[in-house]
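Counting begins at 1 with the first residue of the sequence. Basis for what follows: all heavy atoms, side chains included, without hydrogens, waters or symmetry-related copies.
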Amino acid sequence: MPKLQGFEFWSQTLGGARHVVAPMVDQSELAWRLLSRRHGAQLCYTPMLHAQVFVRDANYRKENLYCAVCPEDRPLIVQFCANDPEVFVQAALLAQDYCDAIDLNLGCPQMIAKRVLLAHEKLSVPVTCKIRVFPEIKKTVQYAQMLEKAGCQLLTVHGRTKEQKGPLSGAASWEHIKAVRKAVTIPVFANGNIQCLQDVERCIQDTGVQGVMSAEGNLHNPALFEGRSPAVWELAEEYLDIVRQHPCPLSYVRAHLFKLWHHTLRLQVHQQLREDLAKVKTLEGIAAVSRELKLRCEEDMSRQKEGEKPSGSLPFFHWICQPYIRPGPKEGNKESGGARSKRALEEEEGSTEVLSKNKQKKQLRNPRKTFGPSQKPKYAKCDQCGNPKGSRCVFDLCRSCCKKRAFRETADCPGHGLLFKTKLEKSLAWKAAQAQAGSRDPGSFPEVLGSARA
């Protein structure tokens, strides 16, 4: 059967999908994809897989794809990251029978066209790509056209640059996406600024794209594509039921519950439950914490007064699935009412209650361990570069500066194990001994030769 391309591929194989769940590392696993499909998602991507690991590790293939096959989980696109075109093709060949297309993440592209072209020629399924934009619209358009020419059959454009991540995310540029859509003849998906169904419809109308992909919005409200904002526990319980049928690592489940319950767990009154969710070791333990959060929310609902509005800037009460707007770098910690950062509290109090998970683990292994700055050892600084100096250095310098000075002055520093002077003296002594031995050899050579002839 010939491989479908472009709009034929999108309309027939992908069913003209408009509502798309993004590839998310450790988050778009089978259980979450099934939940999203039940609530309006028409196409899902796997988490981004590492092509090289996928090729060499059978367990990695089994855990991330082969054992995550389900008839309800189609259409499905498998995403890889890869620098080597040959490795990318090898991984794609191993995955192509389990999906409807192979996607190449081009966040940090190298030899881009060659990777796409080679995969397009070798695979029995179409190759798709996901890119971020450049600051310049013209450069972004040229990039997209190059991918289309190399064989890309569907392009997802994330309307942010590679620098726009975390607190620096900012708004995605739909203007870039619109320009790409006009410049290519293959289907285009838009990614960025999607928090509700109205955003999806507005994005399609403003940019002319064929579909819209959601990541952060989907994690906080899997019913986004249905246009609903249900109670958090409704989707949390449904997700946990799916996980019981299609198990996944507990870390994935915990992360999803933290996203779903995000606005509730921000409240100080639920701080203990937040800590419980972070520490619990079993699926049923996570389910128990979720049930307790539900009871707490139902108590809050019973105390709710008629006409009362949500606190802060939330559009709904905290127990309702809703978008999370990531604060910018200048907003600091406004969400917590101007509270100081965890690091500031650690430095002031040295309290174990505000320590990070890693530091808490270290303290469990060593109860005497402290993390306050007053407990940190004080190091004398190198006179030249400011790094800690060697305690036994003859020059009172760090090792790097000491090495340069000792070499320049042909000196020794036993504290740093540098013996330039000693080695030079030994070398000179050895050469002198060789010279003396050489001056005696010519006189003895004829005698030895004569005795040999005799």
Side-chain angles (χ1 to χ4, degrees), residues 21 27 29 31-41 195-198 214 216-248 250-327 333-339 353-354 357:
V21 174
Q27 295 281 264
E29 83 286 354
W32 189 259
R33 297 197 301 265
L34 292 175
L35 175 71
S36 300
R37 289 179 190 277
R38 290 182 182 182
H39 296 281
Q195 300 290 350
C196 60
L197 186 59
Q198 288 74 19
S214 175
E216 193 89 16
N218 166 263
L219 290 176
H220 286 274
N221 181 12
L224 180 153
F225 290 127
E226 283 185 322
R228 291 196 312 126
S229 293
V232 171
W233 59 81
E234 176 187 328
L235 294 177
E237 290 170 359
E238 186 177 0
Y239 171 65
L240 290 170
D241 285 342
I242 297 174
V243 171
R244 291 184 183 99
Q245 299 172 38
H246 303 280
C248 63
L250 200 66
S251 59
Y252 297 7
V253 183
R254 193 194 317 276
H256 281 304
L257 269 290
F258 266 115
K259 291 283 188 182
L260 289 171
W261 286 108
H262 172 82
H263 297 290
T264 300
L265 291 172
R266 278 177 49 213
L267 302 176
Q268 189 63 37
V269 292
H270 301 311
Q271 179 63 31
Q272 183 57 51
L273 287 176
R274 181 182 182 87
E275 293 177 8
D276 291 345
L277 183 57
K279 294 175 183 177
V280 71
K281 301 295 184 182
T282 64
L283 180 63
E284 292 312 314
I286 288 179
V289 175
S290 187
R291 285 194 296 270
E292 181 61 29
L293 282 165
K294 175 184 177 181
L295 292 174
R296 298 274 188 95
C297 289
E298 288 175 337
E299 290 174 4
D300 290 346
M301 291 171 65
S302 66
R303 292 192 294 266
Q304 185 180 338
K305 298 177 182 178
E306 187 176 351
E308 184 179 349
K309 294 184 178 180
S311 59
S313 58
L314 294 181
F316 306 111
F317 288 98
H318 62 83
W319 56 81
I320 301 296
C321 288
Q322 56 194 296
Y324 165 64
I325 308 299
R326 192 187 297 273
N333 214 13
K334 291 181 182 178
E335 290 187 348
S336 55
E353 294 183 0
V354 294
K357 285 170 63 179

CA sep, side-chain torsions, deciding dist, call: Gln304, Phe317, side chain to side chain contact (heavy atoms under 4.5 Å, CB included):
CA-CA 10 Å; Gln304 185 180 338; Phe317 288 98; 3.1 Å; yes
Side chain to side chain contact (heavy atoms under 4.5 Å, CB included) between Gln322 and Gln195, intermediate numbers included:
CA-CA 8 Å; Gln322 56 194 296; Gln195 300 290 350; over 6 Å; no
Looking only at non-hydrogen atoms, find the nearest pair between [X] and [Y] and report the distance.
X	Y	result
Val232	Ile320	CG2-C, 3.9 Å
Leu283	Leu250	N-CD1, 3.6 Å
Arg254	Ala278	NH1-O, 3.3 Å
Leu265	His270	CD2-O, 4.4 Å
Ala255	Gln27	CB-NE2, 3.3 Å
Val21	Ala41	CG2-CB, 3.6 Å

Inter-residue atom distance [X].[atom1] - [Y].[atom2], 0.5 Å rounding:
X	Y	atom1	atom2	answer
Glu292	Arg296	CD	CZ	5.0 Å
Asp276	Ile286	CG	CD1	11.5 Å
Gln245	Leu240	CD	CG	11.5 Å
Arg37	Ile242	CZ	CD1	11.5 Å
Gln271	Arg266	CD	CZ	12.5 Å
Asp300	Leu267	CG	CG	7.5 Å

Any [X] side-chain heavy atom under 4.5 Å of [Y] side chain:
X	Y	value
Arg274	Val289	no
Trp261	Leu273	no
Pro323	Asn221	no
Ser36	Phe225	no
Leu260	Pro222	yes
Tyr239	Leu257	yes
Trp32	Asn218	yes
Arg244	Glu284	yes

Verify whether one side chain among Thr264 and His318 offers a donor that lies under 3.5 Å from an acceptor in the other.
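Yes - a donor-acceptor pair under 3.5 Å links their side chains.
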Would you say Trp233 and Ser290 are linked by a side-chain donor-acceptor pair, where the criterion is simply a distance under 3.5 Å?
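Judged by distance alone, the side chains do not pair up.
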Parallel, tilted or perpendicular: which fits the ring planes of His220 and His263, with parallel below 30° and perpendicular above 60°?
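If you compare the ring of His220 with that of His263, the planes turn out tilted.
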I'd like to know if the side chain of Glu238 reaches the main chain of Leu235, judged simply by a donor and an acceptor atom lying under 3.5 Å from each other, with no hydrogens or angles considered.
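Such a contact is absent between Glu238 side chain and Leu235 backbone.
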Looking at [X] and [Y], does any basic side-chain N land under 4.0 Å from a carboxylate oxygen?
X	Y	answer
Arg33	Glu29	no
Glu234	Arg228	yes
Lys259	Glu216	yes
Arg38	Glu226	no

